[in-house]
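See below for the structure under consideration.
Throughout, a chain's letter reflects where its sequence line sits, starting with A, and its residues are numbered from 1. Computed from heavy atoms alone, side chains included, the values below leave out hydrogens, waters and symmetry copies.
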2 protein chains.
Amino acid sequence: QQYDPKQFDSPLVTVDAALFTYHDGVLKVLLVERASHPELGKWGLPGGFIDVHRVADLTQAINGVIEDKTGITAPYLEQLASYGNNQRDKRGWSVTVSYTALMAYQACEVRIATVADAQWVDVEQLPEMTLAFDHMTIIEAGRERLKQKALYSIVPAYALAEEFTFPELQHLHELLIGKPLQKRSFRRRIEQANLLEDTGKFRKDAGRPAILYRLAADAEQYRFVRNLED
Amino acid sequence: QQYDPKQFDSPLVTVDAALFTYHDGVLKVLLVERASHPELGKWGLPGGFIDVHRVADLTQAINGVIEDKTGITAPYLEQLASYGNNQRDKRGWSVTVSYTALMAYQACEVRIATVADAQWVDVEQLPEMTLAFDHMTIIEAGRERLKQKALYSIVPAYALAEEFTFPELQHLHELLIGKPLQKRSFRRRIEQANLLEDTGKFRKDAGRPAILYRLAADAEQYRFVRNLED
């Protein structure tokens, strides 16, 4: 039996990425200036239609979008949610499969500087912007997901450089959770679970030299039984 | 500017529901026998294409699917994940937005008995079946999601009758988590959070009469800081 998809009206299908990083002490999300209608000139998430002739699955589709803007594959990628209705896109009934991803600022710094239509934006500045489509909703859902990750795992470390200090990690967790964490308790929880490896190196910021760590193997799989606020 | 979606090859889009209930002491999932190609005659999840002329959003689409088979709206519905690739459906590149839902067996018992192609299947029997498409994967993802809900919330109660006993609730949590819970500790955690209302009624099963409870208002919003295994 032959089936002709074009016989029926079908929703448009896109993928979109809420890609976050940590830089200059703030959480940033990658935005792209739209070069075509609808919402021409507005800033929104990197994304696009699924080219069914070029990609085999959703993960390839979203990785292609992220690599196009950043030059690299995101070390942490997670499907967030799908949004679909007859209002979000003027072109018609539309579904987007959205993702949250994390990446070190340093890993894509050179590439992003060369891509004129892409830039990192401090999430605190977003309320002043009017983003394309329902992309603000997707970013908020991404932040909520990352908050849960920050409470129960060390996943946020993927937004840091490969080698990072303990204060950087704690500050990122605090930004995501939205409140301060006790330094001693945070350190003990992470040390007890062996989630970090000491690189043997140090970095001197303002004060005394801080030890540089990297993520231990499979550390992102670990889930705290009690959340880090407890 | 006019945009003609049919100008491009676009993925097929469906919604599918992994709908669970608790009955006869086991966890059951609703399966439907496929009446058309592809996978004709196989059992799979209730689902279907999005009729862009009849529904306004994804939630309406999945509610329509569930109501068509069960006669009612699921009291608990949550988006699970989207699966999309060029292999899962012989008709072409296909994306399904999948949902997990919970419903009391009693609430749809009469309707399901009249729908010839739908039946509840004990999840323990699934390994002996060959389900349509990647629906086994979706069911497994649904069970994993419900396990997390069982560890951190009272959401599983939506798979019980409106009035239920404490032992029923505990057994359902144990089925989902995959191990026994301490009765006293489970009860204390739920009582401390005021998640249940005493209906003032009793039910006599095998032993002494058991108190009948119902969910307190907004109980499904509550999250335990420490999971119920802790």
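Looking at B:Glu197, its side chain never comes within 3.5 Å of a backbone N or O of B:Leu215 through a donor-acceptor pair. Side-chain N or O atoms of A:Arg111 include one that pairs as donor or acceptor with a backbone N or O of A:Asp68 at under 3.5 Å. The main-chain N or O of B:Arg145 is never found under 3.5 Å from a side-chain atom of B:Gln148 such that the two would form a donor-acceptor pair.
At a heavy-atom cut-off of under 4.5 Å, chain B is reached by A:His53, A:Val55, A:Ala56, A:Asp57, A:Leu58 from residues 53-60 of chain A, listed in order of number. Contacts of residues 73-84 of chain B with chain A at a heavy-atom distance below 4.5 Å involve B:Gln79, B:Ala81, B:Ser82, B:Tyr83, B:Gly84, listed in sequence order.
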Can you check ring pair (Phe, Tyr, Trp, His ring centres under 6.0 Å) on A:Phe186 and A:Phe166, steps first, answer last?
-> CA-CA 10 Å; A:Phe186 182 68; A:Phe166 213 91; 5.6 Å; yes
Take A:Asp117 and A:Lys69, measure what salt bridge (charged side-chain N to carboxylate O under 4.0 Å, His left out) needs, and give me the verdict at the end.
-> CA-CA 9 Å; A:Asp117 66 344; A:Lys69 298 298 175 191; 3.2 Å; yes
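You'll find the ring centres of B:Tyr152 and A:Tyr152 inside the 6.0 Å limit.
Put simply, the residue from A:Asp134, A:Asp89, A:Thr14 that forms a side-chain hydrogen bond (donor to acceptor under 3.5 Å, both in side chains) with A:Thr96 is A:Thr14.
For A:Val97, the part lying under 4.5 angstrom from a heavy atom of chain B is the side chain only. Heavy atoms of A:Val13 lying under 4.5 Å from chain B belong to its backbone as well as its side chain. Both the backbone and the side chain of B:Val225 come within less than 4.5 Å of a heavy atom in chain A.
Residues A:Ala150 and A:His173 approach most closely at O-ND1, 2.9 Å, considering heavy atoms.
A cation-pi contact links A:Arg189 to A:Phe224, judged by a cut-off of 6.0 Å to the six-membered ring centre and 45° from its axis.
The existence of a salt bridge linking B:Lys179 and B:Glu229 is confirmed by a sub-4.0 Å separation between a basic side-chain nitrogen and an acidic carboxylate oxygen.
Using cut-offs of 30° and 60° on the angle between ring planes, the pair A:His135 and A:Phe133 is tilted.
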